[in-house]
Amino acid sequence: MVEDAVEAIGFGKFQWKLSILTGLAWMADAMEMMILSILAPQLHCEWRLPSWQVALLTSVVFIGMMSSSSLWGNLSDQYGRKTGLKISVFWTLYYGILSAFAPVYSWIIVLRGLVGFGIGGVPQSVTLYAEFLPMKARAKCILLIEIFWAVGTVFEVLLAIFVMPTLGWRWLLILSALPLMLFAVLCFWLPESARYDVLSGNQEKALATLKRIATENGAPMPLGKLILSRQEDRGRIRDLFSPQFRCTTLLLWFIWFSNAFSYYGLVLLTTELFQAGDVCSISSRRKAVKPKCSLSCEYLTVEDYTDLLWTTLSEFPGVLVTLWIIDRLGRKKTMAICFFVFSLCALLLFLCVGRNVLTVLLFIARAFISGGFQAAYVYTPEVYPTATRALGLGTCSGMARVGALVTPFIAQVMLESSIYLTVLVYSGCCLLAALASCFLPIETKGRGLQESSHREWGQEMVGRGAHNSGVTPSNSGSQE
């Protein structure tokens, strides 16, 4: 089977190239997300937007992502991972550059919404990437790919520091599309997933892809004939709610919702808290009865950008912590710990701390919530079979976008009424997500990717290498 071939060929030059290419897609996604927290305050001042329009500017991107995530997942299951990913990247690149030329608010709302629609397909790069990785390297590689996300967020802030004071936000939007341009040039090298080709009945193409990987890695191609998996209908939403996966799907949807709700909420809150100084300053500012124009605003200062950079750098220790514990404690416990630490840090914001302590708390909170996001990206492709893997990841990503869609109205609008209630909402949501992680019925640590949805977990999945320290056996799944 493809699983046996991937395990036998191992990790090599091909996977390194694929890592860089997948990483570029992630870097582009991160930059498009990070730009929201920079663009919103700028347009609030420049175009004198009320707070609800500022929140809508952020939410419209997530509306696009939410509406397209399942569509891209279905497209990737029906027509191939490479096809779905290429279309989404070119779509995002086109509308991302076009949005830099938006003359008025209504235009930028429409164009950023279309950018969001394209970004909804970027997570399919993880599906493609995971299907080419041997079991022992999978968790580490997917987590290390997240370093590109961290690089993207840091690069966006650095770009903003130099571009915003001189060239302005339009040039920032254009320059933020650079990783997508690079990906668009290089993506023609990408092969289609061999697992997908086998499932769709294209055995010759799958075999050619595997031989190509073996040649690039300098590894021998396993002997024998490639076994075809049972032909299945692909990309059916009802398969996610079969008795085998119903509980997993519902819990994962809430976990992904909470991840995005809290992660992007923290990103948006960070700029608000830095402008105010701390939570208590925001609270006292809300209580002060002063005549004030509802359209008054404050531009982000160099100090704000610097502190934003420091909290953004927390993505790197977040990756390292998750990398260290995910194969020791398992995927479920890793997600639970990350959610719990974020919840605790959010509660500590109730204290009237100074700017330095505030920066430290935000640093730790962001490190762990990004770690939880990374663990979810490892777990989700592992838990679903090949026929519904892209759709499963797509629907989870769609639920994450629902969380991201709601969060601006909490982090920017509710904040106007009560900072304490805002922080409590984020803390409570992550506490529930920690419990949901513990109740997930399947732990995927040490197991291969499931090929067929007709088998119960464990029949073909128990790890090659989990119980064997020597040569990897190649009889897994041969009952087909």
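Atoms considered below: every heavy atom in the structure, side chains included; atoms not considered: hydrogens, waters and symmetry mates.
Take Lys205 and apply the salt bridge (Lys or Arg N to Asp or Glu O under 4.0 Å) test, not counting sequence neighbours, and it matches no residue. Qualifying ring-ring contact (aromatic ring centres under 6.0 Å, His included) partners for Phe254, counting only residues two or more places apart in sequence or in other chains: none. Shown here are the salt bridge (Lys or Arg N to Asp or Glu O under 4.0 Å) partners of Arg170, two or more places apart in sequence or in another chain: there are none.
Residues Glu443 and Lys333 are not paired through a salt bridge, judged by the lack of any N-O separation under 4.0 Å between the basic side chain and the carboxylate. Classification of Arg81 and Glu131 as a salt-bridged pair holds, one side-chain N sitting under 4.0 Å from a carboxylate O.
Within a 6.0 Å radius of CZ in Phe316, other residues, nucleotides and ligands contribute more than 12 heavy atoms. When the shell of 6.0 Å around NZ of Lys17 is examined, it contains more than 12 heavy atoms from other residues, nucleotides or ligands.
Side chain to side chain, Tyr426 and Thr407 meet the donor-acceptor criterion of an N or O pair below 3.5 Å. The closest side-chain donor-acceptor pair between Thr249 and Tyr384 falls under 3.5 angstrom.
For Trp47 and Trp169, the distance between ring centers is under 6.0 angstrom. If you look at Phe14 and Trp189, their ring centroids are closer than 6.0 Å.
Judged as a side chain to side chain donor-acceptor pair (under 3.5 Å), the pairs with a partner in residues 111-120 (not counting sequence neighbours) are, in order, Glu32-Arg112, Ser99-Arg112. Every pair passing salt bridge (Lys or Arg N to Asp or Glu O under 4.0 Å) that includes a residue from residues 360-376 is listed here, sequence neighbours excluded: Glu315-Arg366. Within the structure, the salt bridge (Lys or Arg N to Asp or Glu O under 4.0 Å) test picks out no pair touching residues 398-411 (sequence neighbours left out).
Between Trp253 and Phe241, the ring-plane angle classifies as perpendicular under the 30° and 60° cut-offs. Using cut-offs of 30° and 60° for the angle between ring planes, the Trp72 and Trp91 rings count as perpendicular. Classified by interplanar angle (parallel below 30°, tilted 30° to 60°, perpendicular above 60°), the ring pair Tyr263/Phe373 is perpendicular.
Of all non-hydrogen atoms in Ser68 and Gly116, the two that sit nearest each other are OG-O, 4.0 Å. Closest non-hydrogen pair, Asn259 versus Gly372, comes out as ND2-O, 3.4 Å.
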(request) Kindly indicate, with the supporting measurements, whether the criterion ring pair (Phe, Tyr, Trp, His ring centres under 6.0 Å) is fulfilled by Trp256 and Tyr377. (result) CA-CA 9 Å; Trp256 278 74; Tyr377 266 110; 4.6 Å; yes
(request) Start with the C-alpha gap between Thr209 and Glu192, add the side-chain angles, then the distance that decides, and say whether side chain to side chain donor-acceptor pair (under 3.5 Å) holds. (result) CA-CA 8 Å; Thr209 300; Glu192 183 53 84; over 6 Å; no
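A donor-acceptor pair under 3.5 Å is formed between the side chain of Thr92 and the backbone N or O of Ile119.
Between the SG atom of Cys430 and the CZ atom of Phe342 there is a distance of 4.5 Å, given to the nearest 0.5 Å.
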